[in-house]
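Scroll down for the structure; my scribbles are underneath it.
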Amino acid sequence: MSGFVFSEKPIEIARGEDVWLYDTNGNEYLDFGASYACTPVGHCHPDVVDAATSQLEDLMYVQASYPHAARTALYEQLADTAPVDVDNVWLCNSGTEANEAALKFARHATGREKIIATKQGFHGRTMGALATTWKGKYKQGFEPLAGGVEFVDYGDIDAMREAVDDETAAVIIEPLQGEGGINPVSTEYLQAVRVATATSGAAMILDEIQTGLGRTGSMWAADGHDVVPDVLTTAKGLGSGLPIGATLCRDWIAENCGNHGSTFSGGPVVSAAAGATLDVLEREELPAHAAEMGTYLREEIDERLGDEIREVRGDGLMIGIEVKRGSNRLLRELAIEHGILALPAGRTVLRLLPPLTIDRDHADAVVDAIEEVIA
Ligand SMILES: *Cc1c(COP(=O)(O)O)cnc(C)c1O
């Protein structure tokens with residue numbers, strides 16, 4: 001039964017290096033989904049591999065009640081890169097757990113129940129996070145989930161202002177919806193969410209699990225929109241593929257967050273990998289590079305494929321191409337005929353989330369290939 005939940009792809013991967021994956025038959029693939037945004041600094045970056053392996057030899061695990069250097073350093077690094085004052089760090093093992101903690105902390109700190117989420121939003125698959133996820137197919141047969149969740153239209157300022165009241169514990173929101181189809185919103189909207197939550201005393205939880213770590217052209221999408229949330233969640237690429245997530249909070253949440261815990265919180269090996277990943281992102285100035293490469297890619301796609309597609313959208317290296325028919329055949333042909341791995345986001349959107357280390361040659365190769373499979 002192992003792996004029964006997953007429909008496996010017909011390619012068996014043996015090795016990864018930077019933007020490349022190699023299968024067991026010796027074929028190479030340009031990984032333009034970064035394996036679901038999990039390899040922002042590329043596959044098997046030598047600094048991350050070194051940090052994780054040397055940590056593995058020194059100390060593989062110690063119970064979370066004892067501090068160790070890798071976790072302490074990561075707390076500081078995350079606090080340093082986080083939006084100002086969002087500097088209390090809770091570490092866990094995945095995105096859904098980071099959001100689960102965020103929702104618990106917000107309920108405890110406010111003493112309120114109601115949670116507002118957005119249509120088309122995705123926040124994970126545990127009972128609490130799943131309750132704030134929009135799509136019915138993820139919930140079918142699992143209800144009842146956590147109660148008190150209300151959904152509003154994404155991007156609608158009036159709907160948000162109306163929904164947030166003095167019974168609201170939190171608004172949980174992606175600054176750019178990923179899973180839901182790469183749906184951007186304006187800075188004005190996110191700032192209005194900020195004002196509405198601050199006014200009512202609710203927590204603004206910004207889910208940056210897909211947008212964070214430089215992907216949208218700044219370290220956090222929050223920075224790009226000049227919004228400081230009360231809670232910011234990250235995971236996916238944080239450990240370059242090793243399982244780690246984080247919930248970053250302002251003092252008023254952290255000081256009254258209730259009783260929470262996890263055996264593996266901030267384990268030595270994943271903490272070392274995450275610390276090295278953040279080092280590489282900063283040293284190689286990958287957020288700025290993502291902004292530049294993203295603009296280039298979107299302009300090339302628009303110029304060369306404008307007539308064949310409905311729209312190209314996104315920020316930095318989080319790009320959605322809305323195609324005129326289903327994206328499944330395109331994805332299969334890109335992989336099999338062109339050695340390019342991309343992702344869907346719903347039925348009609350081709351999603352690109354490449355490692356932030358790509359160069360123009362990689363971008364050109366991908367646009368050439370998309371042009372061919374769409375023609
Ligand atoms: C992937 C994702 C999650 C869930 O993360 P997991 O590690 O799969 O639990 C939550 N929110 C967003 C925005 C995501 O992209």
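Indexing begins at 1, ligand by ligand and atom by atom, following the structure's order. Just so we're clear, the structure is a prediction, and the values are computed from it rather than from any experiment.
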field: Close-contact set for ligand 1 against T96 heavy atoms, below 4.0 Å
entry: 4 (C), 5 (O), 6 (P), 9 (O)

- prompt: Quick check: are there more than 12 heavy atoms from other residues, nucleotides or ligands sitting under 6.0 Å from OH of Y22?
  reply: yes

- prompt: Salt-bridged, D230 to R194, with N to O below 4.0 Å?
  reply: yes

task: Start with the C-alpha distance between D364 and Y296, add both sets of side-chain angles, then the distance that settles side chain to side chain contact (heavy atoms under 4.5 Å, CB included), and finish with yes or no.
output: CA-CA 10 Å; D364 290 340; Y296 177 70; 2.6 Å; yes

F122, any N or O under 3.5 Å of ligand 1 N or O: yes

field: Ligand-side contact atoms (ligand 1) for residue partner Q210, heavy atom cut-off under 4.0 Å
entry: 15 (O)

query: Is the shortest heavy-atom distance from the side chain of L356 to the side chain of H289 under 4.5 Å?
result: no

message: Give me the residue, atom name and distance of the protein heavy atom closest to atom 6 (P) of ligand 1.
response: G95 N, 3.5 Å

statement: The protein heavy atom nearest to atom 11 (N) of ligand 1 is D207 OD2, 2.7 Å

Ligand 1-proximal atoms of Y36, by part, heavy-atom distance under 4.0 Å: neither

query: With a cut-off of 4.0 Å, which atoms of ligand 1 are near a heavy atom of E174?
result: 13 (C)

task: Under 4.0 Å, heavy atoms only, figure out whether ligand 1 is touched by the backbone of T233, its side chain, both or neither.
output: neither

Is_contact(atom 8 (O) of ligand 1), protein non-hydrogen, under 4.0 Å: no

- prompt: Can any side-chain N or O of S327 pair as donor or acceptor with the backbone N or O of R347 at less than 3.5 Å?
  reply: yes

query: Are L297 and I358 close enough that some pair of their side-chain heavy atoms sits under 4.5 Å apart?
result: yes

- prompt: For the side-chain hydrogen bond (donor to acceptor under 3.5 Å, both in side chains) test, which of T126, T133, D207, T132 pairs with N99?
  reply: D207

message: Using a 4.0 Å heavy-atom cut-off, which part of H123 comes near ligand 1: side chain, backbone, both, or neither?
response: backbone

task: Please confirm whether the backbone N or O of V228 pairs with a side-chain atom of R250, one donor and one acceptor, at under 3.5 Å?
output: yes

- line: At under 4.0 Å between heavy atoms, what of K236 touches ligand 1? The answer is side chain

query: Any idea which atoms of ligand 1 are less than 4.0 Å away from a heavy-atom of N99?
result: 10 (C), 11 (N)

